[in-house]
2 protein chains.
Amino acid sequence: MPASSRERLGAVALRLTAPRIAVLDAIGPGQHLRVDQIAERVRTRIGRVSTQAVYDVLAALTAAGLIRRIEPAGSPALFENRVGDNHHHMICRSCGAVVDVDCAVGAAPCLTPSGTAGFHYDEAEIVFWGSCPDCTATTEGTLS
Amino acid sequence: MPASSRERLGAVALRLTAPRIAVLDAIGPGQHLRVDQIAERVRTRIGRVSTQAVYDVLAALTAAGLIRRIEPAGSPALFENRVGDNHHHMICRSCGAVVDVDCAVGAAPCLTPSGTAGFHYDEAEIVFWGSCPDCTATTEGTLS
DNA sequence: TTGGCAATCTTGACTCATTCCAGATAACGG
DNA sequence: CCGTTATCTGGAATGAGTCAAGATTGCCAA
């Protein structure tokens, strides 16, 4: 599914630059990475890159639809590979782990209810808050 | 439904202080206010109050379940009056307006889907992104 | 009614994520 | 190969929120 980073950049008419290629390469499938994590990975691949460049690249790639940005409450922005589908996220309250979720009830999980007259929406974003397997195990083990 | 601010504070065993009463009074039904907006309202009521105190009070009231905190992407935290029900929000992308939404399909709008083995969730948070009536009208009028 | 203690508030410094700016650099169409 | 213009660099600045130490003050008990 994911063509090479160069091909993906070309497909959306973005200039082929080392930072862009490295950023795209840095974000693997299923991952949800912070800007600093991405910058670190990029630097191990191509050496010194300004933080600003990483922000610029991420904004350009997001605008082009090559990556997706999510911003969970209490967390800095995270970036992921998977785009184009209307998937959601499940987030662990204690460790912040994020996993992708295919919505169980279709693309538009909730229909517009009453009380929103005139309000027109085009996206329903869902976050499931809970506890990941690891944290559930740890908590159960340490409960008094 | 909402008893006086003093009564509500007493009901959750929180000390009765001027900043707390003023903060509770400042957040009206249906409103979604930023910390600075709340601080401003509080100061018009009781004079000088430190910003830190406003943060502390909001944290205490949130922990006590008297108010609810939401944190939409790209916005500072917002606080609202309505708690205890599992309602959601519709947010205007252009002006940031927030309106409450009763989920159309029940309390748990989406069931846990596949691919989340071991992940246990207790809350599904939904944000509908779109355009409010005012912004829809404005945009339509100015489209080229 | 008065103490006393712990919760609460004040002040001010500080962190973190992100953005703004001006100038240097480099990709790519011609 | 060149020029234009998008990108990148470096550094300062902003905004939201947190941390910490000490001064106040609400409230329970005497």
Side-chain angles (χ1 to χ4, degrees), chain A residues 4-26 32-43 45-64 66-67 69-79 96 98, chain B residues 4-26 32-43 45-64 66-67 69-79 96 98:
Chain A
S4 79
S5 297
R6 290 167 192 277
E7 289 172 321
R8 283 188 283 166
L9 285 169
V12 292
L14 281 182
R15 283 192 186 175
L16 220 52
T17 71
R20 286 180 175 173
I21 295 168
V23 165
L24 269 182
D25 286 341
H32 304 83
L33 303 175
R34 295 188 308 270
V35 173
D36 60 300
Q37 294 174 311
I38 293 169
E40 188 190 331
R41 292 179 178 211
V42 165
R43 289 182 182 123
R45 281 172 180 70
I46 62 170
R48 180 142 301 288
V49 177
S50 71
T51 301
Q52 186 57 55
V54 176
Y55 273 98
D56 287 349
V57 167
L58 288 170
L61 298 182
T62 303
L66 292 183
I67 60 177
R69 175 194 182 112
I70 64 173
E71 215 171 315
S75 157
L78 304 177
F79 293 86
V98 179
Chain B
S4 79
S5 297
R6 291 167 191 277
E7 290 171 322
R8 281 188 284 166
L9 285 169
V12 293
L14 281 183
R15 283 193 187 174
L16 219 51
T17 70
R20 287 180 174 172
I21 295 167
V23 165
L24 268 183
D25 285 341
H32 304 84
L33 303 175
R34 285 180 271 111
V35 173
D36 61 301
Q37 294 174 311
I38 294 169
E40 186 191 332
R41 292 180 177 211
V42 166
R43 288 181 184 125
R45 279 171 181 68
I46 62 170
R48 180 140 302 288
V49 177
S50 71
T51 302
Q52 187 58 51
V54 177
Y55 274 100
D56 287 348
V57 167
L58 288 170
L61 298 183
T62 303
L66 292 184
I67 60 176
R69 174 195 182 112
I70 62 173
E71 213 171 317
S75 159
L78 304 177
F79 293 85
V98 180

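Proteins come first, then strands; the chains are lettered A, B, ... in the order of their sequence lines, and each starts at number 1. These numbers were taken from a predicted model, which means no experiment stands behind them.
Between B/T17 and the phosphate of C/dC9, there is a side-chain N or O to OP1/OP2 separation shorter than 4.0 Å. Contact annotation: B/R15 does not reach the phosphate of D/dT25 (side-chain N/O to OP1 or OP2, under 4.0 Å). Checking the phosphate oxygens (OP1, OP2) of D/dT9, no side-chain nitrogen or oxygen of A/R48 falls inside 4.0 Å.
Residue B/A77 is in sugar-phosphate contact alone, with no base atom involved, counting any heavy-atom pair closer than 4.0 Å across all strands shown.
Closest to the B/V57 side chain, of the nucleotides C/dT10, C/dC9, C/dC28, is C/dC9. Among the nucleotides C/dC9, D/dC8, D/dG17, the one closest to the side chain of A/D56 is D/dC8. Distance from the side chain of B/S50 is smallest to C/dT10 among C/dT18, C/dT10, C/dT8. In this structure, of D/dA16, D/dC8, D/dT9, it is D/dT9 that holds the atom nearest to the side chain of A/V49. With distances taken from any side-chain atom of A/R20 to the nucleotides D/dT7, D/dC8, C/dT10, the minimum falls on D/dT7. Set against C/dC21, C/dA17, D/dT18, the side chain of A/Q52 has C/dC21 as its closest nucleotide. Distances were taken from every side-chain heavy atom of B/A53 (C-beta onward) to each of D/dG17, D/dC27, C/dC9; the shortest belongs to C/dC9.
Going from atom OH of A/Y55 over to atom C1' of C/dC21 covers 17 Å, rounded to whole Å. Distance CG (A/L33) to C1' (C/dA17): 16 Å, rounded to an integer number of Å. In this structure, CG of A/L16 is placed 15 Å from C1' of C/dG29, rounded to the nearest angstrom. Rounding to whole angstrom units, CD1 of residue B/I21 and C1' of C/dC9 are separated by 15 Å. If you measure from atom CD1 of A/I46 to atom C1' of D/dT7, you get 12 Å, rounded to the nearest angstrom. At whole-Å resolution of the value, CG in A/L9 and P in C/dC28 are 10 Å apart. Put simply, CG on A/L58 is 14 Å from P on C/dA17, counting in whole angstrom units. Atom-to-atom, CD of A/E71 to P of D/dA16 comes out at 13 Å; the value is rounded to the nearest Å.
Here the shortest heavy-atom pairing between A/G74 and B/E71 reads N-OE2, 3.0 Å. Looking at every heavy atom in both residues, B/A22 comes nearest to B/R45 through O-CD, 4.4 Å. What you find for B/A26 and B/L33 is that their closest heavy atoms are O-CD1, 3.6 Å. Here the closest non-hydrogen pair linking A/V54 and A/A39 is CG2-CB, 4.0 Å. Taking each heavy atom of B/V98 and B/H32 in turn, the nearest pair found is O-ND1, 3.5 Å.
Remark on DNA chain D: of its neighbouring residues B/R69 and B/L14, the 5'-side contact belongs to B/R69, judged by nearest-heavy-atom nucleotide.
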